Structures are given as structure tokens and as C-alpha cells.
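What follows is a set of notes on a single structure, which appears directly below.
Convention: sequence-line order gives letters A, B, ...; per-chain numbering from 1. The structure presented is a predicted model; accordingly, all values stated were derived computationally and were not measured.
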Amino acid sequence: MYALEECQHHISSALRSLLKKHKVETEVRLEIPPQEMGDFAFPCFSLAPVMKQSPARIAEELASAFPKHDWIARIDAKAGYVNFFIDPTYLASITLQTVLERKETYGYLPEEKKKVIIEHTSANPNGPLHVGRARNPIIGDTLIRMFKAAGYTVESQFYLDDLGKQVAILAWGLHHIDPSELPKPSRQKADHQKVAFYQLANERMKSDDAIASQINDIVKLSEQGDQATIDMIHAAYQPVLQGIKESLARIHITLDTFIPESMFVRNESVDAVVRALKQTPYCHEEEGAFYLDMASFGIAGRNTKFFFVRNDGTTLYATRDIAYHQWKAHQADLLVNVLGEDHKLESRQVSIALELLKVTNLPQVVFYAFVSLPEGKMSTRKGRVVYLDDLIDECIERAYQEVKKRRAGELSESKMRDIAQLVGIGSLRYNIIKVQPEKDIQFKWEDALNFEGNAVPFIQYAHARACSILAKATQTHHQFDASLLTHPSETMLIKQLARLPLVIDSACSGCRPHAIANYLYETASAFNQFYRDCPVLAEEHAMRSASRLTLVYATKLVLWTALDLLGVTAPEEM
RNA sequence: GGGCCUGUAGCCUAGCCUGGAUUGGGCGGCAGUCUCCUAAGCUGCAGAUCGCGGGUUCGAAUCCCGCCAGGUCCGCCA
């Protein structure tokens, strides 16, 4: 058990037994009081009616009766609260000791022995990833890293839509459009080269019914499992998918498995889903097509009909999604999906259908709001997009300018390029992950490329400062005397380091990746204040200097570990 | 027409699930700070009817109801 957790447990159980003496059985929930008022607080207001005393009086009694313990330096009763002050020396000694023992796994939680599948990105492979969609892989990959740290076995999955209209349009375009008709692609990557075929094919389909029906034929044949058609589509999207993977790899994202939608048609599990759904009392027929009436499940709107079989007997995307999730439910203990908010209704409908099929392991879904441009929503079809690859380049280039501005002459060209790489990519990931997923984001270059304040360079810089001190130190053993680390800035920093396990736990259980970003910012900030107040190498008292050096080392490890949760790497100098 | 999400200083954002003590940060603005471990830092100042109106409560940014604004969805599309 980590330090703060142990301390919290100690306080709650001591409070519980104190209250038991007053014949009060209650759940003890501790709060974090405002600064300077303590480390944990217990509000007594709800006890007042039960104990027939004023909250202030109860707080005083609890405070004076509270047993002495190493954890607690001081207890205050104030305005109906019992405020507990952790003993900074005790906390420092336990926390630093734990960091030194655990090193890169400090903060990681015990092995849960549970498996979670996290599905993310799952973009149609018809063109390059754009910034609107970039939120998906970044949230997904961060969740993956968080769940691993929280002790889960994690598999990342990309659900590959290889049967849909989008890939059929792409395939048609590649076979019927003369490349000379198209504008020159901005990049050599396959995803950038092929997207123009998709865009033009999409336009033609809308104005020409013959083309529309040719594309529909492709969709139909592939859904029926026609091997030649499936192969043709596969050949069309495969290079695009490869391009998408390369883009993701640039921002440190790889996926474990790609599950093609066609798998569930081929193995006939979709047919089984259809048969089972038809058996349910919610199933109705309309002109040869079948739907579930979801009105009684809280689905409201113009139409509560959830169609799962067309009148020609073929299935729909959502039907296959049900088969996919039914299969997935048996592959792991926990399922997490990252989806755009436009999929909210469909996802709900799929879950209802799964419940009707007696599937109990339903996916937990993290929805994110769209990233729009000042001109409006991004759209591959309309060509109104900022591509992820372009944003990556721009971030790295801008980071390079910043490094050059500050360190030209001091660092070699290749070193500056390396730093720019880490800063640029880190900025991109951090800027997207630091905002809670359900909040709308309007993409503005000046915000995305702002490297000051609450941005990743601030954190990387703190890490680099720590590395710089460590590099200059002659001492190699990490020894410390916790009783010498009593400066307020030292105590603040140590408390911050002690929080990491709690942050991982709560961020993970609530699927709130932005909490990690916040924690990092606060930790870097605490380190910068320590840096200002507490000289390390220049400190004359040898043991104090050594202890501070150990604190610097611990901070470096924590910053590194937490940045890694976001898929961000920190340079040793910048 | 209906469902879901969002609304916190000029701009961006945390806190909302699980109500609690002066709503934390950042950008931008103003004023300081490098004979001292990298000033991508640090310090101070100014700036908020927590969208609006009710309700519950000893206590509401947080819970409930209504309204307003923005996003998103309501296809035998994916």
C-alpha cells in the first residue's frame, strides 16, 4: 500500500472507532481541505443531528480524542472540520523510500489479473487521419497506458470497417478514376495519395446514379462474402491503413490487433445475432425489414426503431457491431471503447441489443466531442481538414524554432532536432489530452503551437532541470535523511510525489486521462518552486545536499513515469 | 419536436460523479526577477453575477426542475 493511501486508511479507521464509542456508525469520507488548512479533513456537519451537538463541538472532541500516531503531526478543529496535518518527515521517508525501491514502476498499482480490451480509432481507412479524429487515438492510447499502470492486462483493438460504403467508394475510385484528373497529393504517403480518389468518387456518386449503383453493388457483394470483391476492397484500403498506422506511430501509438468487420459475416455470427434478435418480443417487421422497438428502453426521438436487417436480408453496420461486441465480451473482463459523440445513440442501441442477447460484459464508452475548425466541422469528404501528419510536422518545426531561439550556439544541430521532436510530439498529445473528452474543442493553430504555461515544455523543462542537477552531481548513491527535508517547498513537492498512485487510481477508474495531465503540471510547478528555494549542489550541509539530490532524482522518475502515461517522452536537456 | 453533452474573468481550462471552509490554474495585460543547479522558470498586481431563473439543504459551481445559448444525434448510412 502506498503512503497516502495508508495514511488515509489510518485516519478513517481511527475516526470510525472513535465514532463507534459514541454509538455512531457512519461511512467516513475524508476531504482535501484548502491549502494551509491541513492534508485531510473530516467534516462533522452530518453528524450534528445524530449526536445532538454542534459540528464545531464534535470536531473538537474528535480532534482531542484522536490517538497519536507517526502519520499525524497535528490535528486542528476548525469550523466544524477536523483537519489532519501529515507528519512531513514521516511522509518524506516513506515516499522517497518507495520511489527508490520501485523506480520506473513507482505509482503502479498491484496486478489486477484482469484483462481489458480498449478499442479506439477504428477510423474508416479511406484517407489520412485528420485532427478531428486525432482525439480518438490519443485518448485511447493514454487509457491503455493508464490501465497498464493500474495493473490490468491490456489489449488495444482497432475495429476495421472493411465492408462499408466508405471503403467501397474508395475501391471504386481507384479502379475508375484517372490519376491525372486529380490534384497532386501533398505527400508521398499512401493515405494522402489515395484520399483524392475517394473524394472525387464520392462527388461522382452523388451526381451519377449509375455510379451510385455500381458502388452499392460492391457493398452488397462484399457483405455477401464474395471473395473477389473482398479482395479488391482489401487491396484498396490496405495501403491507406498502413499510412494511418505510420501516422499513429509518429505520435507513439501502436495497436495490438485489427479486427475486420467481415470476420463476423464470414463466421456467420451475425446470422446468429439476427436469429436471436428476431426471437425477442421487441422485434417487428416492416416491409420485409426487421427492427427492434426501443421506445421502452429510454430511446426517444422521431424514431425509436432500430433496424438490424434490411428488406433484402442483408445486415447493417450496427448489427455487425453487435456480433463484434458479443464476441469481444468473452475476450476480456472489461471493455472500453473510445467513440466520437456522434456514435452515442448507436452505441446505446448496440448495448440494449446486447442485453437482450444476455451479454453482461457491456462496453464502457468514453465519448469525445469533435474538434472543429474556426470555419466549421472537419470533413474528409469536403476536403476541409487539417491532417494529423501536417499538424505533427508543424508542431515539430515550431518546437525547433523555439529550441533554436534559446539554445542556438550551445547545442548541436542534431541535438536541437532531437529535442524539437520530443517537444513537438509531446505538445500535440498533451494539448489534446489535457482537456476533458466531452468538451468541444475548436482547433486553432496559435493554441496548438503555444509552448508556454500549461503546456508540455513546462513539464519537460522541469524534468530537464532535474536531469541537469543529477548530471552535475558527483554522488551516485541515493541516500537521504527525511528530517532534513523540511522546507515548505520540499514538503509540497514530496506530497505531490506521494499523490501519484492515487491519481493513477482515480484517473483510471473514472476513465479521466486529463487528470494525469493536471497532475503533471502541478508536479512540475512544485518542482520549479523547490528549484527556486532549495539549492541542491550548492548546499553546504552535506547530508541535506544529498537528501535534496535524492528528492530531485525521485521527482525526475515521477515526471518521467507520468509523462509516459501520456505517451510523452522528456529530453534530458532542452 | 425529442434525446444526450457542454456553458466558470478578454480568451482557454480544473473542480461537478461522491454538496462543505476564500472557485484553483494557464494565456493575454501590467510591474518585478538571471555575479546563483538551463529565465521554456519564479514573484506580485488587475480581472469571475461559476449561462439565466426557481427549488432541495444548516450549506449548491456541484443535486433537482424550468429556460437560454452552442455542439451532437434521431437513415432499411457507416
By ring pair (Phe, Tyr, Trp, His ring centres under 6.0 Å), F40(A) pairs with (sequence neighbours left out) none

Does the plane of the ring in Y553(A) sit parallel, tilted or perpendicular to the ring in H478(A)? Use 30° and 60° as the thresholds. parallel

Would you classify P33(A) as touching base, sugar-phosphate or nothing, given that sugar-phosphate means primed atoms plus P, OP1 and OP2, and contacts are heavy atoms under 4.0 Å? base

Review item, nucleotides 12-15 of chain B N/O atoms under 3.5 Å of protein N/O:
residue, atom, partner, partner atom, Å
A14(B), OP1, Q436(A), N, 3.1
A14(B), OP1, Q436(A), NE2, 3.3
A14(B), OP2, K439(A), NZ, 2.6
G15(B), OP1, R512(A), NH1, 3.0
G15(B), OP1, H514(A), NE2, 3.2
G15(B), OP2, Q436(A), NE2, 3.1

Compare side-chain N and O positions of R348(A) against OP1 and OP2 of G3(B) and report whether any pair is under 4.0 Å apart. no

Between Y317(A) and C76(B), does any side-chain N or O lie under 4.0 Å from OP1 or OP2? no

Which is true for Q460(A) with a 4.0 Å heavy-atom rule: it touches a base, it touches only sugar-phosphate, or it touches nothing? nothing

Under 4.0 Å, heavy atoms only, any strand: does N303(A) hit a base, just the sugar-phosphate, or nothing? sugar-phosphate

Checking all strands, does R320(A) fall into the base, sugar-phosphate, or nothing category for heavy-atom contacts under 4.0 angstrom? sugar-phosphate

Report the base-pairing partner of G66(B) (Watson-Crick or G-U wobble, both distances below 3.5 angstrom), or none. C52(B)

5' precedence on RNA chain B between C534(A) and E402(A) (nearest-nucleotide basis): C534(A)

Side chain N450(A) and base A40(B) donor-acceptor under 3.5 Å: no

For F85(A), is the NZ or CZ atom of R74(A) found under 6.0 angstrom from the centre of its six-membered ring and inside 45 degrees of the ring axis? yes

On a plain distance test, is the side chain of R302(A) in donor-acceptor contact with the base of G1(B) below 3.5 Å? yes

Just to be sure I understand the rule, does V552(A) reach a base, reach only the sugar-phosphate, or reach nothing, if contact means heavy atoms closer than 4.0 Å? nothing

Let me check something: any side-chain donor-acceptor pairs from residues 531-545 of chain A under 3.5 Å, sequence neighbours excluded? List them with distances.
residue, atom, partner, partner atom, Å
D533(A), OD2, S489(A), OG, 2.4
E539(A), OE1, R548(A), NH1, 3.2
E539(A), OE2, H541(A), N, 3.0
H541(A), ND1, M543(A), N, 3.3
H541(A), ND1, R544(A), N, 3.1
R544(A), NE, L484(A), O, 3.4
S545(A), OG, V536(A), O, 2.8

Would you say U38(B) has OP1 or OP2 under 4.0 Å from some side-chain N or O of S468(A)? yes

